[in-house]
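First the structure, in the form of structure tokens, and then the observations on it.
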Amino acid sequence: MPRLFKRKADVLQLEDVRRNETIQVGAVITYDYTGKFYYPAENDFTLSKESKTFEIKNGSTINQLIDVSIYTDLLGLLGRKPNGILQTEISGNFISNTSNVPNTNIIFHNFVRPYFRLTKYDSRFAQLDSTNGFPTPEARNTVNRTYLNQIAYLQAGLKTNIVSFGIGTNQKVHVNAGVEMGLVNADSIFKRDITLFSFYPEVSYSIVRMKNFSMECSAKLLRQKLTDDSPFENNGYESLLNTQITLFYFPFSNPDNKIFLRFSYFDNLTSGKYNFSQFQIGWKATLFTRKNAEN
């Protein structure tokens, strides 16, 4: 629906190979466009001979775009590695462009997404551990980046969409780029936090509302760098590959509230010694109630 205002000239094709009839979208669906950050809520509707038009009278505001997720890492509960007992993520998906390439489902710079994650760790992993963080006892001037990424207690970033395009019913591919900052508690060794920055491209695929389910898959290449004042010599760039698969289940009629399972894997392309995986379960919801559209 956010894209419909700029797609009134798109052509609807009759799904009958024996006939060649078309009509423009703007001839059958209309709504008032009141601003870039105000648009109708997502709705499912069918056009037929009895119902030839669909009018939307109200929609949703920017508040609906703020998501809150609370989850935990099930694999970490086994106690053999850092476990985010309680992880909280707040993100916002702000539409920056709704204009598609004519007669295609391709949109450039579709959205901007800031996000913030806070993690509460088991006390054994709350701070940087020299016995796990350094490759060898002698090499105490270096640190494995995957380990730092794993125990960061705070992460904040900004992701921007480069191009989005549809590849089928309710299916989308997004090509994004982003930057992320992370903080690691190192008070027990250096009496300070370690700051790391990551710059990344990302490719994601999503299919929404398969009955009560949806799925998202993504892969991003993190080019990670420690700050110049870090206590480690290897503060240049290193590469980490993060792949994720997330399944969403909608237990209620309101799609703003959902349960999710996520499998995530971090692969250090320089050294795989500290590669790790996460199996997360959690709840995702919006901060405000969705407004229901009226027909």
Side-chain angles (χ1 to χ4, degrees), residues 69 71-77 80-91 113-122 124-135 139-159 176-190 192-204 218-246 262-280 282:
S69 299
Y71 54 96
T72 188
D73 178 17
L74 293 179
L75 294 179
L77 291 176
R80 294 192 293 266
K81 66 176 186 176
N83 169 45
I85 297 175
L86 180 63
Q87 301 182 61
T88 304
E89 178 174 335
I90 300 175
S91 62
R113 182 178 300 161
Y115 57 90
F116 173 88
R117 287 192 293 268
L118 184 64
T119 304
K120 173 63 177 176
Y121 281 106
D122 184 287
R124 293 172 295 171
F125 304 105
Q127 300 187 38
L128 182 67
D129 183 356
S130 61
T131 60
N132 291 324
F134 305 111
R140 295 189 179 275
N141 60 341
T142 64
V143 66
N144 189 286
R145 300 296 181 76
T146 319
Y147 174 70
L148 286 184
N149 204 81
Q150 186 176 13
I151 65 171
Y153 70 88
L154 185 146
Q155 293 174 313
L158 180 68
K159 179 191 302 184
N176 309 315
V179 59
E180 181 177 291
M181 180 200 73
L183 293 178
V184 177
N185 188 341
D187 288 348
S188 61
I189 302 175
F190 302 110
R192 51 172 289 192
D193 285 348
I194 303 300
T195 305
L196 52 148
F197 289 92
S198 299
F199 306 88
Y200 60 87
E202 178 188 57
V203 178
S204 68
S218 67
K220 60 183 178 182
L221 181 63
L222 298 157
R223 288 286 290 164
Q224 192 178 93
K225 185 183 187 302
L226 300 178
T227 55
D228 293 337
D229 63 347
S230 70
F232 307 106
E233 289 188 1
N234 61 333
N235 59 356
Y237 285 95
E238 291 190 14
S239 298
L240 284 74
L241 179 64
N242 175 220
T243 54
Q244 291 186 353
I245 299 177
T246 307
R262 178 190 295 137
F263 177 79
S264 180
Y265 185 74
F266 285 83
D267 181 9
N268 190 324
L269 302 182
T270 304
S271 171
K273 181 178 180 181
Y274 288 92
N275 290 355
F276 70 96
S277 58
Q278 296 173 319
F279 186 64
Q280 300 165 341

* Asked: With respect to Asp73, which candidate in Gln150, Gln278, Arg262 satisfies the side chain to side chain contact (heavy atoms under 4.5 Å, CB included) definition?
  -> Gln278

* Asked: Taking all atoms of both residues into account, what is the closest heavy-atom pair of Thr119 and Gly84, and its distance?
  -> CG2-CA, 3.6 Å

* To do: Determine the minimum heavy-atom distance between Ser230 and Arg192, stating which atoms define it.
  => CA-NH2, 4.3 Å

* Asked: For residues Tyr274 and Asn149, is any side-chain donor paired with an opposing acceptor at under 3.5 Å?
  -> no

* With side chains defined as the heavy atoms from C-beta onward, is the minimum distance between Leu128 and Tyr147 less than 4.5 Å? -> yes

* To do: Answer yes or no: is there a side-chain heavy-atom contact under 4.5 Å between Lys220 and Glu180?
  => yes

* **Close side-chain approach of Ile151 and Asn185, heavy atoms under 4.5 Å** => no

* Structure fact -> Heavy atoms of Phe197 and Thr227 approach each other most closely as CE1-CG2, 3.7 Å

* Between Leu222 and Tyr200, is any pair of side-chain heavy atoms under 4.5 Å apart? -> yes

* If every non-hydrogen atom of Asn235 is compared with every non-hydrogen atom of Lys225, which pair is closest and at what distance? -> O-CG, 3.3 Å

* **Test item: Arg145 side-chain N/O and Gln224 main-chain N/O as donor-acceptor pair under 3.5 Å** => yes

* So, do Gln127 and Tyr121 sit near enough that their side-chain heavy atoms are less than 4.5 Å apart? -> no

* Asked: Is any side-chain heavy atom of Thr243 less than 4.5 Å from a side-chain heavy atom of Phe263?
  -> no

* Asked: Do Ser264 and Thr246 come close enough that some side-chain heavy atom pair is under 4.5 Å?
  -> no

* Structure fact -> Minimal heavy-atom distance between Ile194 and Pro231, with the atoms involved, is CD1-CD, 3.6 Å

* Does any donor atom in the side chain of Asn275 or Asn268 lie under 3.5 Å from an acceptor atom in the other side chain? -> no

* Structure fact -> Value for CG (Leu196) from CG (Leu183), rounded to nearest 0.5 Å, stands at 7.5 Å

* Answer whether the closest heavy-atom distance between the side chains of Asp193 and Asp187 falls below 4.5 Å. => yes

